[in-house]
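Residue numbers start from 1 in every chain, and the chains themselves are labelled A, B, ... in the order their sequence lines are given, proteins ahead of strands.
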Amino acid sequence: MDKAYDPKAIEETIYNQWEEKNYFASNAVNQEGQDSYCIMIPPPNVTGSLHMGHAFQHTIMDALTRYHRMKGDNALWQPGTDHAGIATQMVVERLLGAEGVSRHDLGREKFIDKVWEWKEQSGGTITQQMRRLGDSCDWGREAFTMDEDLSGAVLEVFVQLYEEGLIYRGQRLVNWDPKLLTAVSDLEVESEEENGHLWHLRYPLADGSGHLVVATTRPETMLGDTAVAVHPEDERYAHLVGKMIKLPLTDREIPIITDDYVEKDFGSGCVKITPAHDFNDYEMGKRHDLPLINILTDTAHINNNAPEAYQGLERYEARKKIIADFEALDLLEKIEPHKLKVPRGDRSGVVVEPYLTDQWYVKIAPLAEPALKAVKDGDIKFVPENWSNTYYHWMENIQDWCISRQLWWGHQIPAWYDNDGKVYVGRTEEEVRAKHDLGDIELRRDQDVLDTWFSSALWPFATLGWPEKKPELDTFLPTNVLVTGFDIIFFWVARMIMMGLKFTGKVPFKEIYITGLIRDEQGQKMSKSKGNVLDPIDLIDGIGIDDLVAKRTYGMQQDRESDKAKITKRTRKQFPEGIESYGTDAMRFTFCAMASTSRDINFDLNRVEGYRNFCNKIWNAARYVLMNTEEQDTGLGSEEKVLSVADRWIISELQGTITEFESAVAQYRFDIAANALYEFTWNTYCDWYLELSKPILYGDDYSEAEKRGTRHTLVTILEQLLRLLHPFMPFITEEVWQKVAPLAGANGDSIMLQAFPTSDEAKIDKQAEADIEWLKTVIVGIRNIRGEMNIAPGKPINSLFKNGSVQDKERLNAYTNFLGKLAKLESIKWVQDDETTPMSATALAGQMEILIPMAGLIDVEQEMSRLTKEIEKLTKEQSRISGKLSNPNFTDKAPEAVVAKERAKLEEIESTLSKINEQIQSLKTL
RNA sequence: GGGUGGUUAGCUCAGUUGGGAGAGCAUCGCCCUUACAAGGCGAGGGUCACUGGUUCGAGCCCAGUACCACCCA
């Protein structure tokens with residue numbers, strides 16, 4: 001083995017072998033006595049590439065899948081990708097645009113062919129990247145939301161919902177994206193606060209007796225006003241209610257009405273009502289039976305319903321002209337600066353318009369009710385639990401879902417119209433004709449496609465074969481857990497629950513593990529425009545600084561030169577040498593270690609570096625073990641093995657680590673699980689056990705049976721540890737296991753098919769734990785003296801032990817070898833309590849004094865200051881505890897055990913203090 | 001406006017039922033000891049945001065305040 005771990009040398013080869021040998025495959029039916037374990041991947045956009053969020057969630061999903069596979073479950077991690085309607089269509093349109101071609105030049109069919117071409121070309125990127133992460137998905141089952149099977153499921157669901165009256169077509173206000181020319185759902189609109197204005201406009205009364213002032217943030221919509229409203233209890237305007245307004249710039253008269261919705265204190269207390277261009281006004285219009293006047297085209301230009309002077313103007317041009325005209329008529333009272341929430345399309349970034357159109361909707365209330373109940377009844381559990389409140393709140397206020405999109409890429413709506421505009425819904429045109437006995441009259445198919453999330457909502461059961469009754473459906477549904485981010489609870493999670501319950505009668509998953517969102521090390525969201533994006537593949541392979549800068553600034557718009565410079569500067573400052581190659585396992589372990597319950601995870605490259613070092617530690621520990629066991633007797637035969645106290649201790653410690661790991665994973669606390677592994681591997685196995693094994697293996701005082709016992713323990717603990725680490729770090733564990741397994745008596749082709757280690761209470765050895773605890777105290781005491789006195793670690797020193805108990809003496813005798821080697825002691829001598837001892841630096845192990853004679857080694861002053869420091873520490877503690885114990889309230893009311901513990905503590909501190917004081921006295925006498 | 005989460009060491013974060021403030025990285029000192037300098041050994045560093053309350057005892061429970069972040073309207 002090389003001296004340092006090199007992930008590049010092994011990762012891809014190992015993955016290819018796993019995949020070729022089909023180790024990731026699940027079975028359609030469980031074997032006798034076997035459980036199933038299933039995770040559905042949140043399908044990434046087919047043309048996308050892997051980002052840090054994916055890498056994080058995939059690490060969790062893969063760790064769970066590998067863990068359960070090793071536990072013997074029939075494990076299925078279902079992979080696949082999403083067609084991502086708007087996103088993908090936009091990419092292809094942009095590519096065509098670069099060649100000067102629009103989708104309309106091509107026509108629908110040819111454009112869709114182009115999208116498929118693009119999908120073939122770039123659709124493999126993300127699944128290839130997933131392989132780099134070590135994702136053990138069942139690739140044979142890979143699905144795509146536009147596959148024939150899934151498209152069939154979409155048809156079936158649409159038709160059934162329509163037939164039950166749960167899908168309907170209706171005309172109402174939708175969020176209209178005037179750039180993409182499609183409706184979008186409420187969730188696809190992002191409202192940010194922006195600086196705007198509040199225009200106060202004078203609206204004259206029709207009878208010429210004066211005017212009202214209305215305040216608006218969108219003056220151009222006044223062309224579509226159909227009323228002015230005041231609050232019913234607003235005395236200022238009570239006498240005007242029922243009168244008419246002469247709407248400026250138009251020839252229309254509109255009424256003054258009252259409505260509770262109006263805020264008396266906002267502006268003048270009078271509100272213009274534009275039912276066709278505002279959601280609130282729309283509702284008010286319905287309440288008062290006001291006419292709807294649509295004044296916009298689908299591209300947000302003024303249409304022919306408005307006075308001729310404004311027709312054809314773009315919405316913001318129209319605003320300017322209208323303000324100017326109001327001013328000219330002396331009807332502009334004032335303009336105030338005003339902050340307002342501006343709704344923008346999450347894809348296009350342009351301001352969306354409330355717009356009156358015909359769209360398809362899902363009637364959501366009947367679906368939401370059982371979905372709400374499933375979580376309330378505990379059939380589905382959110383982890384962390386508090387996300388269920390977010391879910392409840394949204395589900396209880398849920399609106400009908402607009403599912404039609406005016407796009408070309410997606411599942412075309414299975415509805416046909418005859419020449420009278422009558423609509424027929426069915427799986428195919430033939431079915432529709434036959435069912436409604438239409439003969440061969442002319443039918444025109446609805447041009448719209450479905451919201452991408454409509455097909456995603458069916459993902460858990462559609463990928464398992466629904467509507468066909470495939471065995472997988474029974475085997476894997478409900479799936480065990482959904483691993484996803486809180487950003488798509490509404491988009492995806494809620495809709496899967498609704499659709500799953502409706503069409504399978506089962507919940508789609510029993511638990512939902514909501515992961516945190518990966519941010520940069522300063523807590524900023526990673527985004528292209530901020531230039532702080534990290535690519536998981538770059539962490540694995542490394543990247544030079546020039547390439548990294550190029551990547552972060554590539555494709556930025558020309559007018560953003562200053563941003564580009566800023567990003568370049570910052571990137572070069574943060575990564576002067578680029579990013580090192582850390583390997584997949586280090587990155588995966590980092591994600592696990594950072595997966596606490598926090599909702600934001602600030603990703604810190606220093607952590608990756610630390611865990612890369614951890615990989616190296618494992619690698620070198622394995623090198624040590626192999627060096628001492630290869631071609632030697634590791635105790636696999638029938639010859640006698642004697643286990644040392646260290647052997648019994650490390651075996652005992654491993655049991656606790658396994659238990660801790662398993663209980664942490666059961667609660668999705670991967671950070672706790674990762675820390676338990678790290679702690680055991682580094683601080684227990686490497687720092688102590690490997691060192692303790694050396695005196696036995698290298699010493700002349702041990703029998704072959706003892707050496708055999710230690711070799712056996714060395715290699716079997718490592719072998720188990722590798723299996724324990726495998727779900728988090730699949731590659732290095734496989735590579736090392738291949739070498740170690742035969743020496744530990746394990747057979748098998750791959751670690752990923754081995755059983756997960758189990759904890760055995762019978763192997764817990766309290767006596768060995770106590771003995772090693774004692775040994776560590778003594779060694780650490782001596783090391784402390786060395787460290788504080790600047791005695792080189794390699795310099796052999798003499799030691800004396802005094803005032804110990806019978807047990808101390810026994811232990812000292814039994815563990816002389818360990819002490820000598822680990823504390824680098826030249827001599828160990830037990831002295832009688834009354835024996836005089838040379839001037840020494842001292843440490844305590846319980847009552848036992850450890851003396852390091854100072855001759856030629858130690859400065860008296862230095863030792864004095866070391867002891868004084870120790871006394872200060874202890875005195876502080878002493879006064880705290882004695883204060884506590886002298887308080888009768890504490891001794892009377894606190895539990896007996898707590899009081900006793902404090903008393904014991906105090907006693908120990910006091911005896912330690914007096915010993916140290918004695919030592920100081922004896923130093924002073926010199 | 002309503003809601004949720006957060007505030008602990010220089011940085012990134014743990015802290016389970018209230019009972020001796022922890023880890024990693026960074027810092028300082030000694031060491032290239034035959035697994036590992038991507039390492040070993042040792043050390044320093046915190047008014048647990050603030051105010052008040054409950055309690056014998058609060059990082060943890062309660063009330064309020066400030067600041068940060070996100071979600072919904």
Side-chain angles (χ1 to χ4, degrees), chain A residues 1-5 186-187 190-191 263 279-280 341 384 386-387 389-390 392-394 397 486-487 489-490 516-517 519-525 580 582 586 590 593-594 596-628 663-664 667 669 671-672 674-675 678-679 682-683 686-687 690-691 693-694 698 714 779-780 782-796 821-824 866 869 877 880-881 883-885 887-895 897-899 901-902 905-906 909:
Chain A
M1 282 171 84
D2 291 335
K3 197 170 166 185
Y5 173 58
D186 301 343
L187 291 173
E190 288 176 348
S191 291
E263 278 182 59
F279 288 102
N280 289 319
K341 293 274 187 171
N386 56 290
W387 287 109
N389 291 326
T390 309
Y392 295 148
H393 185 256
W394 190 69
N397 297 289
F486 57 81
D487 49 332
I489 289 180
F490 307 144
L517 223 57
R519 297 165 172 281
D520 77 3
E521 70 289 342
Q522 292 170 350
Q524 298 287 312
K525 217 168 176 170
E580 246 183 289
Y582 296 112
T590 309
M594 293 177 103
S596 66
T597 54
S598 170
R599 65 169 64 176
D600 292 312
I601 293 169
N602 296 356
F603 193 84
D604 186 355
L605 262 187
N606 291 323
R607 295 284 294 263
V608 189
E609 186 174 342
Y611 293 124
R612 187 274 316 265
N613 296 351
F614 180 52
C615 290
N616 195 46
K617 193 74 182 175
I618 295 168
W619 184 258
N620 277 291
R623 281 209 315 143
Y624 168 78
V625 171
L626 290 170
M627 260 176 221
N628 288 289
S663 83
Q667 300 164 68
R669 286 301 303 268
D671 57 331
I672 294 175
N675 278 327
Y678 184 94
E679 168 81 18
W682 201 312
N683 302 338
C686 291
D687 285 351
L690 294 191
E691 295 307 320
S693 75
K694 288 173 185 175
Y698 301 156
L714 261 184
I779 292 169
V780 167
I782 295 167
R783 283 177 179 170
N784 178 279
I785 292 172
R786 275 183 189 278
E788 299 274 307
M789 299 296 132
N790 286 345
I791 302 170
K795 187 177 174 70
K821 176 96 178 165
L822 270 66
K824 276 273 156 48
R866 189 181 71 94
K869 209 165 69 182
E877 189 67 4
R880 195 182 62 80
I881 296 177
K884 211 167 166 181
L885 283 168
N887 178 356
N889 278 328
F890 172 69
T891 45
D892 292 350
K893 292 185 184 171
V898 174
V899 178
K901 211 169 126 192
E902 294 291 317
K905 230 186 300 178
L906 185 62
I909 287 171

Expressed in whole Å, how much space separates the [atom1] atoms belonging to [N] and [M]?
{"N": "rU65(B)", "M": "rU4(B)", "atom1": "P", "value": "14 Å"}
{"N": "rG24(B)", "M": "rG20(B)", "atom1": "P", "value": "22 Å"}
{"N": "rC25(B)", "M": "rG6(B)", "atom1": "C1'", "value": "22 Å"}
{"N": "rU54(B)", "M": "rA63(B)", "atom1": "C1'", "value": "11 Å"}
{"N": "rC36(B)", "M": "rC48(B)", "atom1": "P", "value": "44 Å"}
{"N": "rG52(B)", "M": "rC60(B)", "atom1": "P", "value": "14 Å"}
{"N": "rG44(B)", "M": "rA26(B)", "atom1": "C1'", "value": "13 Å"}
{"N": "rG15(B)", "M": "rU8(B)", "atom1": "P", "value": "14 Å"}

**Message:** For the CZ atom of Arg519(A) and the CZ atom of Arg599(A), what is their distance to the nearest 0.5 Å?
**Reply:**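 It is 10.0 Å, given to the nearest 0.5 Å.
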
What is the distance, to the nearest angstrom, from the [atom1] atom on [X] to the [atom2] atom on [N]?
{"X": "Asn602(A)", "N": "rG6(B)", "atom1": "CG", "atom2": "P", "result": "14 Å"}
{"X": "Ile618(A)", "N": "rA38(B)", "atom1": "CD1", "atom2": "P", "result": "17 Å"}
{"X": "Asn620(A)", "N": "rC36(B)", "atom1": "CG", "atom2": "C1'", "result": "3 Å"}
{"X": "Leu605(A)", "N": "rC11(B)", "atom1": "CG", "atom2": "P", "result": "18 Å"}
{"X": "Leu517(A)", "N": "rG5(B)", "atom1": "CG", "atom2": "C1'", "result": "13 Å"}
{"X": "Arg669(A)", "N": "rC13(B)", "atom1": "CZ", "atom2": "P", "result": "14 Å"}
{"X": "Lys3(A)", "N": "rA38(B)", "atom1": "NZ", "atom2": "C1'", "result": "11 Å"}
{"X": "Glu691(A)", "N": "rC41(B)", "atom1": "CD", "atom2": "P", "result": "8 Å"}

In chain order, what residues pass the side chain to side chain donor-acceptor pair (under 3.5 Å) check against [X], with sequence neighbours excluded?
{"X": "Asn389(A)", "answer": "none"}
{"X": "Glu679(A)", "answer": "Asn683(A)"}
{"X": "Arg612(A)", "answer": "Glu580(A)"}

Within-4.5 Å side-chain heavy-atom neighbours: [X] and [Y]:
{"X": "Ile785(A)", "Y": "Arg866(A)", "answer": "yes"}
{"X": "Tyr678(A)", "Y": "Tyr611(A)", "answer": "yes"}
{"X": "Trp387(A)", "Y": "Ile489(A)", "answer": "yes"}

Reckon [X] touches a base, only the sugar-phosphate, or nothing at all at heavy-atom distances under 4.0 Å?
{"X": "Cys615(A)", "value": "nothing"}
{"X": "Leu690(A)", "value": "base"}
{"X": "Thr891(A)", "value": "nothing"}
{"X": "Arg612(A)", "value": "base"}
{"X": "Glu190(A)", "value": "nothing"}
{"X": "Asp687(A)", "value": "sugar-phosphate"}
{"X": "Phe614(A)", "value": "nothing"}

**Asked** Which pairs pass side chain to side chain donor-acceptor pair (under 3.5 Å) with one or both residues in residues 617-627 of chain A, sequence neighbours excluded?
**Response** Asn616(A)-Asn620(A), Asn620(A)-Arg623(A), Tyr624(A)-Ser693(A)

Can you see which heavy atom on [X] is nearest to which on [Y], and at what distance?
{"X": "Lys824(A)", "Y": "Pro793(A)", "answer": "CG-O, 3.5 Å"}
{"X": "Ala593(A)", "Y": "Asp671(A)", "answer": "O-CB, 3.2 Å"}
{"X": "Glu691(A)", "Y": "Leu822(A)", "answer": "O-CD1, 3.5 Å"}

**Complete:** With B for base contact, S for sugar-phosphate-only contact and - for none (protein heavy atoms under 4.0 Å), nucleotides 16-29 of chain B reads ---BB----S---S

**Message:** Return a single string for nucleotides 67-73 of chain B, one symbol per nucleotide in 5' to 3' order, where B is base contact, S is sugar-phosphate-only contact and - is none, cutoff 4.0 angstrom on heavy atoms.
**Reply:** --S--SB

**Prompt:** When the nearest nucleotide of RNA chain B is assigned to Ala792(A) and to Ala593(A) on a heavy-atom basis, which residue is associated with the more 5' position?
**Reply:** Ala593(A)

**Fill in**
Walking RNA chain B from its 5' end, the first of Phe603(A) and Trp387(A) to be reached, judged by nearest nucleotide, is Trp387(A)

**Request:** Among the candidates rC36(B), rA14(B), rC30(B), find the nucleotide nearest to the side-chain atoms of Pro793(A).
**Result:** rC30(B)

With respect to the phosphate group of [N], does any side-chain polar atom (N or O) of [X] fall under 4.0 Å of OP1 or OP2?
{"X": "Ser596(A)", "N": "rA14(B)", "answer": "yes"}
{"X": "Tyr698(A)", "N": "rA35(B)", "answer": "yes"}
{"X": "Asn887(A)", "N": "rG57(B)", "answer": "no"}
{"X": "Lys694(A)", "N": "rU34(B)", "answer": "no"}

**Prompt:** Sub-3.5 Å donor-acceptor pair from the side chain of Arg669(A) to the main-chain atoms of Ser596(A), do we have one?
**Reply:**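 Side chain of Arg669(A) to backbone of Ser596(A): no pair is present.
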
**Request:** Check whether any side-chain N or O of Asn397(A) sits under 3.5 Å from a backbone N or O of His393(A) as a donor-acceptor pair, and report yes or no.
**Result:** yes

**Message:** Counting distance alone, no hydrogens or angles: does the base of rC36(B) have a donor or acceptor under 3.5 Å from a partner atom on the side chain of Lys617(A)?
**Reply:**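 It does, because a donor-acceptor pair links the side chain of Lys617(A) to the base of rC36(B) below 3.5 Å.
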
**Message:** With hydrogens left out and only the distance checked, is there a donor-acceptor pair under 3.5 Å joining Glu580(A)'s side chain and the base of rA38(B)?
**Reply:**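 Answer no: no donor N or O sits under 3.5 Å from an acceptor.
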
Can you give me the N/O atom pairs linking the protein to nucleotides 43-45 of chain B at distances under 3.5 Å, or say none if there are none?
| residue | atom | partner | partner atom | Å |
| --- | --- | --- | --- | --- |
| rA43(B) | OP1 | Asn784(A) | ND2 | 3.1 |

Test of understanding: with side chain to side chain contact (heavy atoms under 4.5 Å, CB included), list the residues that count as partners of [X], not counting sequence neighbours.
{"X": "Asp487(A)", "result": "Leu517(A)"}
{"X": "Val899(A)", "result": "Leu885(A), Phe890(A), Thr891(A), Ala894(A), Arg903(A)"}
{"X": "Phe603(A)", "result": "Met52(A), Ile518(A), Met526(A), Leu534(A), Leu539(A), Thr590(A), Phe591(A), Met594(A), Leu605(A), Val608(A)"}

**Item:** Bracket notation of RNA chain B in which parentheses pair within the strand, [ ] cross earlier pairs, and | pairs with another strand (Watson-Crick or G-U, under 3.5 Å)
**Value:** (((((((..((((.....[..)))).(((((.......))))).....(((((..]....)))))))))))).

**Prompt:** Considering residues at least two apart in sequence or located in another chain, which fulfil the salt bridge (charged side-chain N to carboxylate O under 4.0 Å, His left out) criterion with Lys3(A)?
**Reply:**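 Once residues adjacent in sequence are excluded, Lys3(A) has no partner under the salt bridge (charged side-chain N to carboxylate O under 4.0 Å, His left out) criterion.
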
